[in-house]
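Since the structure comes first, as structure tokens, the remarks are kept for the end.
Below, each value reflects all heavy atoms present in this structure, side chains not excepted, and no hydrogens, waters or symmetry copies.
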Amino acid sequence: HVNVFDANITNAGEFTANVGGIAGQNACLTDALSYAIVNQCTFQGSLNIAQGNLGGLVGSNKGAVVGNSYIDAQTTLNATSAPFNIGGLVGSNSFNHRSALVADCYSLATTTTTIDTNDTTSKLGAIIANHSFNVSQENYTYGCYYLASSGFNSAIAGITDIGMVTSASQVSQGIYTSQGYDLTGLKTKTNLKSYVDSAGVTYDWNFVNVWNEPTSESTPTLIQTAGLIYPTIGNLIAPNTINNIDDLMNDTYINSHEQFRITNDIDAGGITISPIDLTSKKIYGDKLDKTNAVISNFNLEITDENTGLF
């Protein structure tokens with residue numbers, strides 16, 4: 001719940017900087033099961049750098065979460081020299097110990113910065129400038145919207161609007177929603193969707209606990225009395241299934257980039273097992289799902305003082 005208005009933030013140094021309206025860098029620095037989170041925040045003002053990563057909310061988001069936040073009108077983002085990554089919400093979104101996520105946000109920011117034809121490294125994006133993605137280091141964004149007349153050349157550098165994705169299998173870059181609207185469109189509640197999950201269910205923005213609904217006079221604003229409710233990757237990713245004790249105990253089966261669901265009751269057949277170390281598997285708390293499954297008929301061999309099945 002940080003709201004910054006009428007601010008002028010400038011980094012005139014000649015070094016590569018990370019500059020954001022809320023945080024220069026938002027980063028997960030260890031494998032520990034915790035997030036670095038910028039959530040339910042607002043920025044309005046001007047942001048300027050000599051060069052580097054510049055975002056309306058966060059300059060560099062490394063393995064961290066940015067969600068349920070917005071950049072208000074009359075916000076400008078500009079750089080004076082290359083190379084730069086200027087994003088309406090986030091300058092650079094990259095993997096660091098875990099996946100990075102930008103979700104359920106919008107930006108009314110504008111820019112007058114352009115990329116020189118000889119500049120092959122700088123990027124502009126109305127949502128994210130530099131969004132990294134590969135099969136081993138997956139990063140995500142969903143439910144993000146921007147002002148179409150913002151001056152940015154794409155939603156995410158090199159990627160135009162993809163609208164509402166109806167199946168996780170359609171996404172090759174971890175981008176589930178990116179859409180530009182005029183002000184009327186951003187004041188229309190039905191335009192503001194989060195994502196469609198792997199079961200085909202469409203999720204709206206949280207207009208109960210997080211957001212005030214838009215009106216004819218105003219784009220959505222944050223409910224200032226709301227508790228901390230942050231977005232997760234969750235069932236956005238089509239889950240893999242755990243069907244038996246071998247799947248559950250497999251040290252390489254669960255990793256930090258995948259969603260898993262126990263789909264049925266598991267009878268271990270009376271074998272002796274060791275505790276399932278979720279930390280070593282780098283699994284998020286929201287990434288091991290269940291369907292009221294029962295795990296039974298096993299002996300647990302405990303060697304550590306603080307442990308259980310997990």
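- The side chain to side chain contact (heavy atoms under 4.5 Å, CB included) search around Thr75 returns Phe43, Gln44, Ile71, Leu77, Ala109, not counting sequence neighbours.
- In this structure Asp119 satisfies the salt bridge (Lys or Arg N to Asp or Glu O under 4.0 Å) test with no other residue, sequence neighbours excluded.
- Of the possible donor and acceptor atoms, one in the side chain of Asn78 sits under 3.5 Å from a partner among the backbone N and O of Thr113.
- Here the side chain of Asp104 pairs no donor or acceptor atom with the backbone of Ser194 at under 3.5 angstrom.
- The closest donor-acceptor contact from the side chain of Asn212 to the backbone of Leu222 lies under 3.5 Å.
- Using cut-offs of 30° and 60° on the angle between ring planes, the pair Tyr70 and Trp211 is tilted.
- With Asn85 as the fixed residue, the side-chain hydrogen bond (donor to acceptor under 3.5 Å, both in side chains) test singles out one of Thr121, Asn53, Asn18: Asn53.
- Listed for the Tyr181 side chain is no donor-acceptor partner under 3.5 Å among the backbone atoms of Lys187.
- Under the salt bridge (charged side-chain N to carboxylate O under 4.0 Å, His left out) criterion, no residue pair touches residues 76-87, with sequence neighbours excluded.
- When hydrophobic clusters are built by joining Ile, Leu, Val, Met, Phe, Trp and Tyr residues whose side-chain heavy atoms come closer than 4.5 Å, directly or via intermediates, Val90 is grouped together with Val2.
- At distances below 3.5 Å, at least one donor-acceptor pair connects side-chain atoms of Asn206 with backbone N or O atoms of Val208.
- Taking all atoms of both residues into account, the shortest heavy-atom contact from Pro214 to Leu186 is CB-O, 4.2 Å.
- Using modelled atom types and a 3.5 Å distance limit, the side chains of Asn96 and Ser94 yield no donor-acceptor pair.
- Closest non-hydrogen pair, Ala17 versus Asn11, comes out as CB-ND2, 3.5 Å.
- Residue Ser122 comes nearest to Pro83 through the heavy atom pair OG-CA, 3.3 Å, listed as atom of the first residue, atom of the second, then distance.
- Linking ILVMFWY side-chain heavy atoms closer than 4.5 Å, directly or via other members, places Phe5 and Leu147 in two distinct hydrophobic clusters.
- Heavy atoms only, all atoms of each residue included: Ile127 and Gln179 are closest at CD1-N, 4.4 Å.
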